Protein chains: 2
Amino acid sequence: MLGWEDVQSEALRRIQTREWTPGELIPTEQDFADELGCARATVNRALRALAQDGYLERRRKAGTRVAIAPQRMARLSVPLIRHEVEALGAVYGHRVLKQTPGAMPAALRLGLGLSNATPCYTIITLHLSGTRPFALEKRWVNLDAAPGFDAAPLDTISANEWLVQNAAFSHGTLDYSAAPASRFEGSHLGCPEGTALMTLERNTFGPEAAVTWVRISYAPGYHLTLDI
Amino acid sequence: MLGWEDVQSEALRRIQTREWTPGELIPTEQDFADELGCARATVNRALRALAQDGYLERRRKAGTRVAIAPQRMARLSVPLIRHEVEALGAVYGHRVLKQTPGAMPAALRLGLGLSNATPCYTIITLHLSGTRPFALEKRWVNLDAAPGFDAAPLDTISANEWLVQNAAFSHGTLDYSAAPASRFEGSHLGCPEGTALMTLERNTFGPEAAVTWVRISYAPGYHLTLDI
DNA sequence: TAGTGGTCTAGACCACGGC
DNA sequence: CCGTGGTCTAGACCACTAG
């Protein structure tokens, strides 16, 4: 019995040995299925997976071609700071520096599409790797989208983890950039003002509205690593 | 007629509205199919896709559960600088500042697993967005893995694009960090020495050996944006 | 060992899009 | 138009594993 993974392997072999060359039209699903002696659905699943991985380009009527410039995609798991710290072999800790209700800048409210009646919460947290500062986080939370957040035990669980576990979210954006440390960041991260810091801004949206906006400044030496 | 994407949407809705809460066992494929009035295979395809995206955890006999810590993966297409520039609505250009054969630092050779007999090539390129500097790139190329590179017309095609089209590659790593501009970087990127720059180091490996090592320093204002 | 997901099949119809 | 991929279906058997 030929499984779809066998079909995939065979197709991949032909691609990699250039038996099927880039840009070339490969057999139709039915022809390939007949040749291998399996059902068309099995071939479909195999070729669909290869197309998703960028090896093939498929179009109705036009057929399936070997991709000319396979675009490789890197996958980045959305970073949970505690996991980043623990992955480095250190003990994670955090200190809440400040938490106050109801103070979201107007510009931010506009960008997130929130009315000024939306109850908000502001938190500044210092994340620690052992006893050393790891990252400084400033966060606004929409209390409508994350009810109960203002009563969360933020000394025992980080704001991010509480939200991951307790608030529904559907999509968001990550935005990495390099920025000079402010005086405030420098003092907490243990570096001079102006030091180049990796900075992450993250918007997170629930099914209906923005849940939280975060800006994280990582201590010097931070690296974002991905495999392709 | 209910398609698998409809089933997926419905399941996702129940997850995001917490109708199905994290850790909870959801209906079996057969039950869900009966409820929605479609075939089990359709439900299977939908739930399998959601599991692949990290929303669900599936195990034979044990059933399907909503993922407790929904590990969202962001996908990042391997950045081709020309595409980054054009996506911003500008005209891409580049200037080769320096190209010399045979000078790869020993530390780098070791890290890539190359012998010191490996023929190499060094290139420094300034990438332009219109007339403004966009990024400065320093690159070493393993000529064994990319034969003909030393004869490539690098004035008309960038080193990266030539390699993408002419050298097979199988895997690699991306490493983003924030770093202060060197005097050299500052002079070419039009910013003071010490300015915080987003920096990318990329290793690329072919089927047998390292193909190229690159360090790209982006001009101030660069943002790496991902969707989740 | 029984329940659940994983997969294959043969047939059918549909949707897109070259021609 | 009509070929090709995209998908649905009903049924079947298999693989894994919790209880």
Side-chain angles (χ1 to χ4, degrees), chain A residues 1-15 19-71 73, chain B residues 1-16 19-71 73 75:
Chain A
M1 170 72 73
L2 216 53
W4 71 271
E5 290 178 290
D6 301 311
V7 177
Q8 188 184 41
S9 296
E10 173 59 14
L12 199 50
R13 187 191 65 75
R14 297 193 188 186
I15 294 169
E19 188 170 330
W20 290 343
T21 59
E24 180 184 344
L25 210 55
I26 74 171
T28 66
E29 294 186 345
Q30 191 57 62
D31 288 349
F32 199 28
D34 291 345
E35 178 194 338
L36 298 179
C38 65
R40 182 168 80 93
T42 306
V43 171
N44 179 278
R45 169 117 190 233
L47 299 189
R48 185 155 37 82
L50 286 175
Q52 203 166 16
D53 288 349
Y55 290 102
L56 297 175
E57 290 171 1
R58 320 195 73 199
R59 266 154 57 211
R60 287 164 153 120
K61 169 71 180 178
T64 300
R65 293 176 184 279
V66 179
I68 297 184
Q71 172 167 316
M73 300 293 263
Chain B
M1 169 73 74
L2 215 54
W4 71 271
E5 289 179 291
D6 300 312
V7 177
Q8 189 184 41
S9 295
E10 173 59 14
L12 199 50
R13 187 190 65 75
R14 296 191 188 188
I15 294 169
Q16 290 176 342
E19 189 170 329
W20 290 343
T21 59
E24 180 184 344
L25 209 54
I26 74 171
T28 67
E29 293 186 345
Q30 192 58 63
D31 289 349
F32 200 27
D34 291 345
E35 178 194 339
L36 298 180
C38 65
R40 183 169 79 94
T42 306
V43 170
N44 178 278
R45 170 116 190 235
L47 299 189
R48 184 156 37 82
L50 286 175
Q52 202 166 15
D53 288 348
Y55 290 102
L56 298 175
E57 290 171 0
R58 320 195 74 198
R59 264 154 51 214
R60 286 163 155 126
K61 168 71 179 177
T64 300
R65 293 176 184 279
V66 178
I68 296 185
Q71 181 174 351
M73 301 294 263
R75 297 181 72 187

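Because the structure is a prediction, the values reported are computed rather than measured. Letters go in sequence order (proteins before strands), and every chain restarts at 1.
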Would you mind reading off the distance between [X] atom [atom1] and [N] atom [atom2], rounded to a whole angstrom?
X	N	atom1	atom2	answer
Leu56(B)	dT4(C)	CG	P	16 Å
Gln30(A)	dG11(C)	CD	C1'	11 Å
Glu57(A)	dT4(D)	CD	C1'	16 Å
Asp34(A)	dT9(C)	CG	C1'	13 Å
Leu50(A)	dG6(D)	CG	P	12 Å
Trp4(A)	dA15(D)	CH2	C1'	16 Å
Asp31(B)	dG5(C)	CG	P	9 Å
Leu2(A)	dA10(C)	CG	P	13 Å

*Worked verdict on Tyr55(B) versus Leu12(B) for side-chain contact (heavy atoms from CB on, under 4.5 Å)*: CA-CA 8 Å; Tyr55(B) 290 102; Leu12(B) 199 50; 3.7 Å; yes
Would you find a donor on one side and an acceptor on the other, under 3.5 Å apart, between the side chain of [X] and the backbone of [Y]?
X	Y	value
Thr21(B)	Glu24(B)	no
Asp6(B)	Gly3(B)	yes
Arg65(A)	Gly23(A)	yes

_For DNA chain C, which residues of residues 36-47 of chain B approach it to below 4.0 angstrom with any heavy atom?_
Arg40(B), Asn44(B)
Compare all side-chain heavy atoms of [X] with those of [Y] and state whether any distance is below 4.5 angstrom.
X	Y	answer
Val7(A)	Leu36(A)	yes
Gln30(A)	Asp34(A)	yes
Asn44(B)	Arg58(B)	yes
Ile26(A)	Leu47(A)	yes
Leu56(B)	Val66(B)	yes

*So Glu29(A) and Arg48(A), side-chain contact (heavy atoms from CB on, under 4.5 Å) or not? Walk me through it.*
CA-CA 10 Å; Glu29(A) 294 186 345; Arg48(A) 185 155 37 82; over 6 Å; no
*Using a 3.5 Å limit on both pairing distances, list the dot-bracket string of DNA chain D from the 5' end; Watson-Crick and G-U wobble pairs count, crossing pairs take [ ], interstrand pairs take |.*
||||||||||||||||||.
*Is the phosphate of dT4(C), meaning OP1 or OP2, less than 4.0 Å from a side-chain N or O of Thr64(B)?*
no
*Distance test, side-chain N/O of Arg48(B) to OP1/OP2 of dG5(C), below 4.0 Å*: no
*Please test Arg13(B) against Glu19(B) for side-chain contact (heavy atoms from CB on, under 4.5 Å), starting from the C-alpha separation and ending with a verdict.*
CA-CA 8 Å; Arg13(B) 187 190 65 75; Glu19(B) 189 170 329; 3.4 Å; yes
Short heteroatom pairs, N/O only, protein and nucleotides 16-19 of chain C, under 3.5 Å:
{"unit_1": "dG18(C)", "atom_1": "OP1", "unit_2": "Arg59(A)", "atom_2": "NH2", "d": "3.1"}

